[in-house]
Number of protein chains: 2
Amino acid sequence: MPRPRSLTPEQIATAALAVLDRDGLDGLSMRTVAQELGVGTMSLYRYVSDRGQVEELVVDLVLQAVDPAIPRGTPGKRLSALADRVRVVVSGHPAVVPLLLTYRHRSPSSLRWGEAMLTVLTDAGLTGKRRVIAFRAVLGYVFGALQVAHFGPLSGPGTAALAELPPEEFPILSETAARARGITPEEEFRKGFEIVLRGLGL
Amino acid sequence: MPRPRSLTPEQIATAALAVLDRDGLDGLSMRTVAQELGVGTMSLYRYVSDRGQVEELVVDLVLQAVDPAIPRGTPGKRLSALADRVRVVVSGHPAVVPLLLTYRHRSPSSLRWGEAMLTVLTDAGLTGKRRVIAFRAVLGYVFGALQVAHFGPLSGPGTAALAELPPEEFPILSETAARARGITPEEEFRKGFEIVLRGLGL
DNA sequence: TCCTGTAGGCGTGTGGTGTACGCCTACGAA
DNA sequence: TTCGTAGGCGTACACCACACGCCTACAGGA
């Protein structure tokens, strides 16, 4: 066999994540990733079929850092801990947030995390269609909340602008936005997830 | 004053939405929108500062179709109806889903909808920090669920692939995915939202 | 040691993108 | 009729993803 491969998918993912962390999503391109690896742009195509696959690799690399082991405690505590692990890991790489929903379902790490969540839901007595709905609702909340927090953080200019809205037209929205300043992303995510848990009866 | 303006923001939004509905998000570009309007590409820049503003216009155009009037019924019924109006409107233009979370907070129509949701939450007795958390959780669920449904519908190839996963490694995930086939987006969204409502005590 | 087939590295080219710049001109007011 | 303003937009540039095909590094066989 001639010419052993010189790049691993993991190296590509690591390089892409470095670019993402440094220059954001706009800075991510085949050129910049190749440059980060010290390799020609077209060489990347020996290892991935297109840009989407690079994004897929980087999403999985990030989610690999989520420990899928099932924590101890009540079902509610277990689910909270599993969900919060995703929040912690993702908040370390905010630029990947927009990619999460697109590639989540193709990431093996995400699948392992999903199996863990479903295991806890099953232990809690959920089966059949109810379990499907519960799992999808949790998915929607977790990834939706991460994106809402990313694109419009409570301690950001967006919320500040809402607080300045004319009170005669938006009385409650402006008041609520003013009240929101200072709530941390961690508290927002955790208490929001508690609402979902309560809805599940856990 | 010479040369009256020949394009309105609404016309631009309508043209962009037509492109989006016809050719999807990938088909949306300044060139295609200009062509749709029968105008030169650069002429658009007399009316918008960049592509992002076109996307903003189209998101608001879509959300304008959401009636922000507060429905009758219990608080739970009111919130469900308001949320479902968003789902119905958005499902008519699936290609805008990825744009929603990015531009939601700059859309006047979205603000009016938010004020309506908050009004119901307030009528139900929520105030202060609890109201902030509740509102953000609802936002996270609504927009997250729409995206989850868009990128990985239960009756789509993604879920079918999950059902084929090795049962020894993903016993519950594969079983749950198999059970998911045939659940409509409407049912998924509505029952998921009921979980959130129950968590809010409504 | 040399040869050779395979597959990695990547330069070049194509058709797309967003948008800066600056010319031409249609138009309303004087 | 003239003139100033602002709309319309052609051209150009930098960037993008990626198809194609050449060159060459390498491992195994002779």
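This is a predicted model, so every value here is computed, not measured. Reckoned from all heavy atoms, side chains included, excluding hydrogens, waters and symmetry mates. Just so we're on the same page: letters track the sequence lines, and every chain starts at 1.
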- request: Measure up the A:F193 and A:Y141 rings against each other and bin them: parallel (under 30°), tilted (30 to 60°), perpendicular (over 60°).
  value: tilted
- prompt: Looking for any heavy atom pair under 4.0 Å, which part of the strands does B:T41 touch: base, sugar-phosphate only, or nothing?
  reply: base
Interatomic distance where [atom1] belongs to [X] and [atom2] belongs to [N] [whole Å]:
{"X": "A:Y45", "N": "C:dT12", "atom1": "OH", "atom2": "C1'", "answer": "15 Å"}
{"X": "B:L28", "N": "C:dG16", "atom1": "CG", "atom2": "P", "answer": "16 Å"}
{"X": "B:M30", "N": "C:dA20", "atom1": "CE", "atom2": "P", "answer": "10 Å"}
{"X": "B:R51", "N": "C:dT17", "atom1": "CZ", "atom2": "C1'", "answer": "9 Å"}
{"X": "B:L44", "N": "C:dA20", "atom1": "CG", "atom2": "P", "answer": "13 Å"}
{"X": "A:R46", "N": "D:dA19", "atom1": "CZ", "atom2": "P", "answer": "13 Å"}
{"X": "B:Q53", "N": "C:dT19", "atom1": "CD", "atom2": "P", "answer": "10 Å"}
{"X": "B:D26", "N": "C:dG16", "atom1": "CG", "atom2": "P", "answer": "14 Å"}

Show me the protein contacts with nucleotides 13-15 of chain C, counting only N or O atoms at under 3.5 Å.
none

Measure from the side chain of [X], starting at C-beta and using heavy atoms only, and say which of [options] lies closest.
{"X": "A:S29", "options": "D:dA17, C:dT19, C:dG9", "result": "D:dA17"}
{"X": "B:P4", "options": "C:dT19, D:dC16, C:dC27", "result": "C:dC27"}
{"X": "A:S6", "options": "C:dG9, C:dC27, D:dA17", "result": "C:dG9"}

field: Toward the 5' end of DNA chain C, by each residue's nearest nucleotide, B:S49 or B:R3
entry: B:S49
task: For residues A:R85 and A:W113, determine if any side-chain heavy atom of one lies less than 4.5 Å from a side-chain heavy atom of the other.
output: no
- prompt: Is there side-chain contact between B:D21 and B:V96, with heavy atoms separated by less than 4.5 Å?
  reply: no
task: Output the distance between atom CZ (B:R5) and atom CD (B:Q11), rounded to the nearest 0.5 Å.
output: 11.5 Å
query: If you round to the nearest 0.5 Å, how far is CZ of A:F143 from CD of B:Q147?
result: 11.5 Å
- prompt: Ion pair present between A:E194 and A:R198, side-chain N to carboxylate O less than 4.0 angstrom?
  reply: no
message: Taking the basic N atoms (NZ, or NE/NH1/NH2) and the acidic carboxylate oxygens, is any pair closer than 4.0 Å for A:R179 and A:E175?
response: no
